[in-house]
Amino acid sequence: MKHVIKLTEEFGKELRTRQMMERLSSKLTQGDEYLFDLTGVEQISRSAADELYNIAHDYKVEIVGMTEFVHKMYDAVTRGRFMPRQLRPSGTPIVECKDMKDVERFLMVV
């Protein structure tokens, strides 16, 4: 038997933080099966989607009821897990500071 958890009842229509998802995971038990119902969830941040991904793969979780937006964000996080990270040069100069006085001087000049 799967435990059904309606995320709108736990958190409302917006899943904004990784901490929200961590609170959810603290209620789960290894070995049990869960159904996360996201019906009514309108927004999810990238960090919340990332943590939801972690939970879904650490526990036996099926996720249903995603809106198009939530599904796109969750897919973006999932795809990001399997693609190598590429650091692109930003062109921003690196400023070395020996101490906080150097930091203060730099910030006052800029």
Side-chain angles (χ1 to χ4, degrees):
M1 179 180 128
K2 289 185 183 180
H3 302 279
V4 177
I5 299 175
K6 296 182 179 188
L7 272 69
T8 53
E9 290 178 6
E10 295 284 325
F11 304 108
K13 295 180 179 184
E14 296 180 1
L15 305 177
R16 290 179 259 155
T17 66
R18 186 175 300 277
Q19 290 76 18
M20 291 172 119
M21 298 298 94
E22 288 171 351
R23 281 197 315 258
L24 175 63
S25 71
S26 71
K27 298 176 182 183
L28 307 181
T29 303
Q30 285 292 346
D32 286 359
E33 294 184 20
Y34 298 92
L35 179 96
F36 288 176
D37 184 355
L38 275 68
T39 301
V41 174
E42 297 172 358
Q43 298 286 328
I44 188 168
S45 69
R46 188 173 185 95
S47 60
D50 184 63
E51 194 59 32
L52 183 60
Y53 176 93
N54 291 337
I55 294 168
H57 289 83
D58 290 345
Y59 297 88
K60 296 176 183 176
V61 174
E62 178 184 354
I63 302 172
V64 298
M66 288 188 200
T67 64
E68 183 178 351
F69 174 82
V70 172
H71 195 270
K72 283 181 180 179
M73 184 61 77
Y74 190 79
D75 279 351
V77 165
T78 300
R79 281 191 314 274
R81 295 292 179 111
F82 299 104
M83 295 171 57
R85 294 189 180 212
Q86 297 177 355
L87 184 60
R88 294 184 180 103
S90 68
T92 304
I94 296 174
V95 177
E96 292 193 34
C97 298
K98 294 179 218 134
D99 54 29
M100 288 306 293
K101 287 287 184 195
D102 282 352
V103 173
E104 289 174 3
R105 278 191 288 274
F106 173 74
L107 293 175
M108 296 303 283
V109 172
V110 172

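Because the structure is predicted, anything quoted here is derived from the model rather than measured.
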Fill in the blank from the handout: CG of Asp99 to CD of Glu104, rounded to nearest 0.5 Å, is 8.5 Å
Handout entry: Partners meeting side chain to side chain contact (heavy atoms under 4.5 Å, CB included) with Glu42 (sequence neighbours left out)
Key = Lys13
Exercise for the section: In sequence, state the C-alpha distance, the side-chain angles, and the governing distance for Lys6 and Thr39, and then conclude on side-chain contact (heavy atoms from CB on, under 4.5 Å). Expected result: CA-CA 8 Å; Lys6 296 182 179 188; Thr39 301; over 6 Å; no
Exercise for the section: Answer with yes or no whether the hydrophobic clustering places Val41 together with Met66; edges join I, L, V, M, F, W, Y residues whose side-chain heavy atoms lie under 4.5 Å apart. Expected result: yes
Problem - With Arg105, the side-chain contact (heavy atoms from CB on, under 4.5 Å) member among Val103, Leu107, Asp102 - result: Asp102
Exercise for the section: Please lay out, stage by stage, how Asn54 and Arg18 fare under the test side-chain contact (heavy atoms from CB on, under 4.5 Å). Expected result: CA-CA 10 Å; Asn54 291 337; Arg18 186 175 300 277; 4.2 Å; yes
Handout entry: Positive for side-chain contact (heavy atoms from CB on, under 4.5 Å) with Ile63, one of Val70, Leu52, Leu7
Key = Leu52
Practice task
Drop me the distance from Glu14's CD to Thr8's OG1, to the nearest 0.5 angstrom.
Solution key: 12.5 Å
Handout entry: Heavy-atom closest contact (Ser45 atom, Ala48 atom, distance)
Key = OG-N, 3.0 Å
Completion exercise
Taken to the nearest 0.5 Å, the spacing of Asp37 CG from Glu10 CD works out to 12.0 Å
Practice task
Treating Ile, Leu, Val, Met, Phe, Trp and Tyr as nodes and any side-chain heavy-atom pair under 4.5 angstrom as an edge, say whether Met20 and Tyr59 lie in one connected cluster.
Solution key: yes
Practice task
Check the pair Thr17, Glu51 against side-chain contact (heavy atoms from CB on, under 4.5 Å), reporting the backbone distance first and the verdict last.
Solution key: CA-CA 9 Å; Thr17 66; Glu51 194 59 32; over 6 Å; no
Exercise for the section: Mind listing the closest non-hydrogen atom pair of Phe36 and Leu28 along with its distance? Expected result: CZ-CD1, 3.9 Å
Completion exercise
So NE2 of His57 and CZ of Arg81: to nearest 0.5 Å the spacing works out to 8.5 Å
Practice task
Check the hydrophobic clustering (I, L, V, M, F, W, Y; side-chain heavy atoms under 4.5 Å; chains of links allowed) and say if Val64 and Val61 are grouped together.
Solution key: no
Exercise for the section: Measure the OH-NZ distance between Tyr34 and Lys2 for me, rounded to the nearest 0.5 Å. Expected result: 12.5 Å
Problem - Transitive ILVMFWY side-chain link Ile55 to Leu38, under 4.5 Å - result: yes
Practice task
Measure the CD1-CE distance between Ile44 and Met21 for me, rounded to the nearest 0.5 Å.
Solution key: 6.0 Å
Practice task
Just do the side-chain contact (heavy atoms from CB on, under 4.5 Å) check on Arg16 and Phe11 with the steps written out, would you?
Solution key: CA-CA 9 Å; Arg16 290 179 259 155; Phe11 304 108; over 6 Å; no
Practice task
Show which residues join Met1 in its hydrophobic cluster (side-chain heavy-atom contacts under 4.5 Å, direct or indirect), or state none.
Solution key: none
Handout entry: Expected output: side-chain Gln30 to main-chain Asp58 donor-acceptor under 3.5 Å
Key = yes
Handout entry: Tyr53 and Phe82 aromatic ring geometry - parallel, tilted or perpendicular at 30°/60° bounds
Key = perpendicular
